[in-house]
There are 2 protein chains.
Amino acid sequence: MTGTKPQHAPQIHFPVVDDVLQVGGIPLTRLAQRVGRTPFFAVDRALCTARVASLRAVLPPQVALHYSIKANPMPALVQHMAGLVDGLDVASGAELRTALDTGKDPARISFAGPAKLETELSQAIAAGACLNVESGHELASIARIGDATGITPRVALRINPAFELKSSGMKMGGGAKPFGIDAELAPALLGQVASLGLDFQGFHIFSGSQSLRLDAILEAQSHSIELAMRLAGDSPLAVRHVNIGGGLGIPYFPGEQRIDPAPMGEHLAAWLPRLAAALPQARLALEMGRYLVGEAGIYVTRVIDRKVSRGEVFLVLDGGMHHHLAASGNLGQVIRKNYPVVVGNRINARGDAPDSGPASATGPLCTPLDILAERMPLAHARIGDLVVVFQSGAYGASASPAMFLGHPPALEVLV
Amino acid sequence: MTGTKPQHAPQIHFPVVDDVLQVGGIPLTRLAQRVGRTPFFAVDRALCTARVASLRAVLPPQVALHYSIKANPMPALVQHMAGLVDGLDVASGAELRTALDTGKDPARISFAGPAKLETELSQAIAAGACLNVESGHELASIARIGDATGITPRVALRINPAFELKSSGMKMGGGAKPFGIDAELAPALLGQVASLGLDFQGFHIFSGSQSLRLDAILEAQSHSIELAMRLAGDSPLAVRHVNIGGGLGIPYFPGEQRIDPAPMGEHLAAWLPRLAAALPQARLALEMGRYLVGEAGIYVTRVIDRKVSRGEVFLVLDGGMHHHLAASGNLGQVIRKNYPVVVGNRINARGDAPDSGPASATGPLCTPLDILAERMPLAHARIGDLVVVFQSGAYGASASPAMFLGHPPALEVLV
């Protein structure tokens with residue numbers, strides 16, 4: 001029966017030795033002791049390195065790769081990523097501080113966000129980071145702060161394109177949007193950037209994220225590059241940077257498959273000569289968060305109680321939605337689906353106990369929303385066992401309501 | 001056209017003077033200066049007092065009223081509520097500390113939660129609070145810790161009833177559940193409580209919350225009282241406490257109406273003689289969070305930018321889903337709907353500007369999920385204006401992903 005149901009994509013990144021998941025070569029049980037307590041997020045640095053290397057292997061060398069810190073702002077991880085990518089993208093003053101702490105050249109840090117505060121604009125200008133301008137009002141504020149401080153602000157225009165990334169989890173472009181400058185309004189803004197004497201970098205064009213359809217991603221990339229070339233025609237200033245975002249998703253739910261990025265490399269390679277002819281000074285950049293780190297991380301929580309209620313098994317955990325909102329189904333999902341979940345210290349022990357069968361894994365909060373696995377086939381877990389949620393390297397701890405009901409926050413480690 | 005659409009229930013709690021919302025008699029603009037920065041949550045203590053008084057006025061005096069801290073654990077508010085209600089209910093060790101800080105008699109503090117840690121059990125036993133036992137495993141742990149410390153633990157059994165609260169936002173009972181002890185397993189547990197020599201208090205029976213159908217609430221209350229009386233028949237110990245939860249909702253979305261609790265008072269008054277005859281030592285208690293404080297609070301955020309994108313108006317705010325996940329539509333909602341939202345310093349100024357019309361209010365996060373109002377009729381707001389989300393006194397700051405993208409947390413004030 002389960003053979004006909006959609007399955008989770010196989011978990012190929014974390015090996016299993018003697019029935020125990022290994023993280024960075026360390027058995028999960030030992031890692032939990034080393035961390036000191038559960039629940040925790042663990043990100044495997046070698047997997048991040050490998051992911052970046054696999055992308056670089058298929059991308060033309062002229063294409064820059066940026067890490068979007070919002071996916072996982074853990075300082076140790078950002079430091080690791082800073083050494084692997086060409087630029088860092090931030091979305092707040094706090095993320096900017098984290099990025100600067102890595103020692104990355106500030107000119108390779110860009111700051112996007114629709115409601116930047118005056119203090120954040122000042123921070124970025126003082127640091128020498130590139131501000132992705134979201135509106136005419138923001139442009140005027142940037143110019144005023146630049147005048148007041150005597151520092152020439154480095155700016156790019158964030159463009160709201162008229163197209164969107166089809167079948168993406170998060171649409172960021174197309175139609176009326178609070179993000180960026182409508183493409184048709186960009187020529188007027190470009191004139192202002194020139195007359196204000198700002199240090200113009202280029203364009204940021206994001207059409208969506210978390211797509212598992214490569215054809216849709218390639219189509220959006222083509223549209224973005226075409227749009228950048230068209231806008232450059234209206235620009236009195238040279239374009240040095242064209243950031244077309246990312247869009248590549250990772251498989252979370254049953255039936256979803258990993259995408260092969262190789263055709264994207266060929267696709268961009270085919271575009272580069274045209275781009276070089278039209279914009280000889282421009283470097284093309286991809287910006288990614290989730291795709292670089294999402295599959296490299298797991299969330300680990302402990303079984304505090306094991307209950308059978310009216311025939312159904314519940315593993316009651318010390319972690320849940322307050323640490324991992326997305327896995328509970330409450331971050332932008334319409335219908336809740338299970339992330340891939342296993343009993344990490346008992347991977348293959350299935351169906352060997354009298355009360356084996358599907359089990360649900362629920363958290364410590366007094367709400368039916370606090371659920372990490374609903375009626376999944378799981379190994380027969382005991383109290384003290386470690387339940388693992390895969391695909392948890394992005395939008396985990398930082399995207400969750402840590403204070404809800406006052407339980408301790410999740411720890412985070414880079415292994 | 002809008003006349004035929006469902007409307008939000010009228011906002012009757014916060015007066016308007018000279019077009020400006022008043023909070024505790026203070027104009028919102030002045031309150032914002034007093035708080036020091038936006039965004040913030042403000043709870044009006046007089047409204048909390050009035051809500052408790054209006055409930056007491058319809059409830060029989062024998063019925064106890066408890067405040068469930070999880071709805072809003074802000075210490076100043078918990079202190080205020082402690083002086084108004086008969087008991088405090090907590091869901092974690094941190095909430096227990098907050099409750100104890102108020103000076104409330106620990107015997108009137110109860111602790112429920114499906115995955116209590118050993119440290120939390122020890123805390124509650126040492127404090128003399130009542131532990132709502134969730135499972136046989138937890139009961140054994142409690143007895144062991146009691147033995148080790150020489151303190152007799154105070155316990156009640158949390159029961160998972162076979163019925164549920166119909167049309168409630170959050171179903172906590174009925175069928176297989178991780179919460180509490182299945183009603184049919186309670187007799188065996190009661191025998192254990194007696195043989196272990198624990199200080200037995202009674203039963204906690206929660207069937208759901210956030211219901212706006214009084215008939216459903218009264219039906220669930222009847223079932224809960226009947227269940228308590230039936231379980232008491234199997235109990236070798238006297239029942240001193242029967243907590244049947246709350247369930248009363250508040251109107252959030254268009255078309256929802258406030259409920260009149262008066263018939264609940266008559267309903268419970270009719271039950272009390274039967275309960276007194278069956279369980280002469282038992283006091284009936286209602287436990288509520290949202291209903292007591294939810295309508296007394298607002299979330300206040302400032303307009304940082306005002307954009308017109310392809311004909312649609314966007315008020316870009318300094319606050320959003322990272323402070324108020326529920327209002328963004330990401331806390332248990334299947335289809336996003338608008339909370340009641342106004343421009344708090346410009347309440348009635350509508351339709352007086354060339355670009356007036358529906359507006360959306362969006363937050364500072366780079367995600368399309370960060371939206372507080374979608375195409376609502378709003379006053380023509382300017383940059384610097386204050387956008388207010390009503391019905392925000394419960395499940396606000398503490399239930400939101402404050403760290404998402406690294407923006408500053410919301411402040412919280414009790415006015």
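Chain naming here is simple, since letters A, B, ... match the order of the sequence lines and numbering starts at 1 in each.
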Within the 4.5 Å heavy-atom criterion, are Pro401(B) and Leu325(B) side-chain neighbours or not? yes
With a 4.5 angstrom heavy-atom cut-off, which part of Ile383(A) approaches chain B: side chain, backbone, both or neither? side chain
Could you tell me how the ring of His324(B) sits relative to the ring of Phe41(B): parallel (under 30°), tilted (30 to 60°) or perpendicular (over 60°)? tilted
Mark yes or no for whether His323(A), through its side chain, and Ala410(A), through its backbone, hold a donor-acceptor pair below 3.5 Å. yes
Most contacts with chain B, counted as non-hydrogen pairs under 4.5 angstrom, among Lys116(A), Lys70(A), Arg302(A), Lys307(A): Lys307(A)
Arg310(B) side-chain N/O to Asp182(A) backbone N/O, donor-acceptor pair under 3.5 Å: no
Using atom types as modelled and distance alone, determine if a side-chain donor or acceptor of Glu134(A) lies under 3.5 Å from a backbone N or O of Arg158(A). no
By a 4.5 Å heavy-atom criterion (distance strictly below it), what part of Ala183(A) contacts chain B: side chain, backbone, both, or neither? both
Among Gly363(B), Gly93(B), Gly180(B), Ser135(B), who wins on heavy-atom pairs under 4.5 Å with chain A? Ser135(B)
Quick one: what part of Phe404(A) sits under 4.5 Å from any heavy atom of chain B, side chain, backbone, both or neither? both
Which of Val316(A), Leu185(A), Asp318(A), Ile335(A) touches chain B most, by non-hydrogen pairs under 4.5 Å: Val316(A)
The interface call for Thr362(A) against chain B, heavy-atom contacts under 4.5 Å, is side chain
Top contributor to chain B interface from Glu312(A), Glu184(A), His322(A) [non-hydrogen pairs under 4.5 Å]: Glu184(A)
Would you kindly say whether Asn330(A) and Asn330(B) are connected by a side-chain donor-acceptor distance under 3.5 Å? no
Any side-chain heavy-atom pair from Arg375(B) and Ser360(B) closer than 4.5 angstrom? yes
Heavy-atom cut-off 4.5 Å, strictly under: side chain, backbone, both or neither for Ala71(A) against chain B? neither
Name the option with the most non-hydrogen atom pairs under 4.5 Å to chain A; the candidates are Pro178(B), Ala399(B), Ala397(B). Pro178(B)
Residue part contacting chain B, namely of Leu365(A), when any heavy atom lies under 4.5 Å: backbone
When Met321(A), Met403(A), Glu138(A), His137(A) are compared by non-hydrogen pairs under 4.5 Å with chain B, the top option: His137(A)
Among Pro364(A), Pro408(A), Ala94(A), residue most engaged with chain B (heavy-atom pairs, under 4.5 Å): Pro364(A)
Quick check against the 3.5 Å criterion: does Arg290(A) have a side-chain atom that pairs as donor or acceptor with the backbone of Gly247(A)? no
Do we see a donor-acceptor contact under 3.5 Å between the side chains of Asp89(B) and Ser68(B)? no
Please classify the contact between Glu118(A) and chain B as side chain, backbone, both or neither, with a heavy-atom cut-off of under 4.5 Å. neither
Look up atom CG in Leu131(A) and atom CG in Leu121(A), then write down how far apart they are to the nearest 0.5 Å. 6.0 Å
Could you tell me which portion of Pro73(A) (side chain, backbone, both or neither) has an atom closer than 4.5 angstrom to a non-hydrogen atom of chain B? neither
Side chain, backbone, both or neither of Leu317(B) within contact of chain A (heavy atoms, under 4.5 Å): backbone
Go through the atoms of Leu405(A) and report whether side chain, backbone, both or neither lie under 4.5 Å from a heavy atom of chain B. both
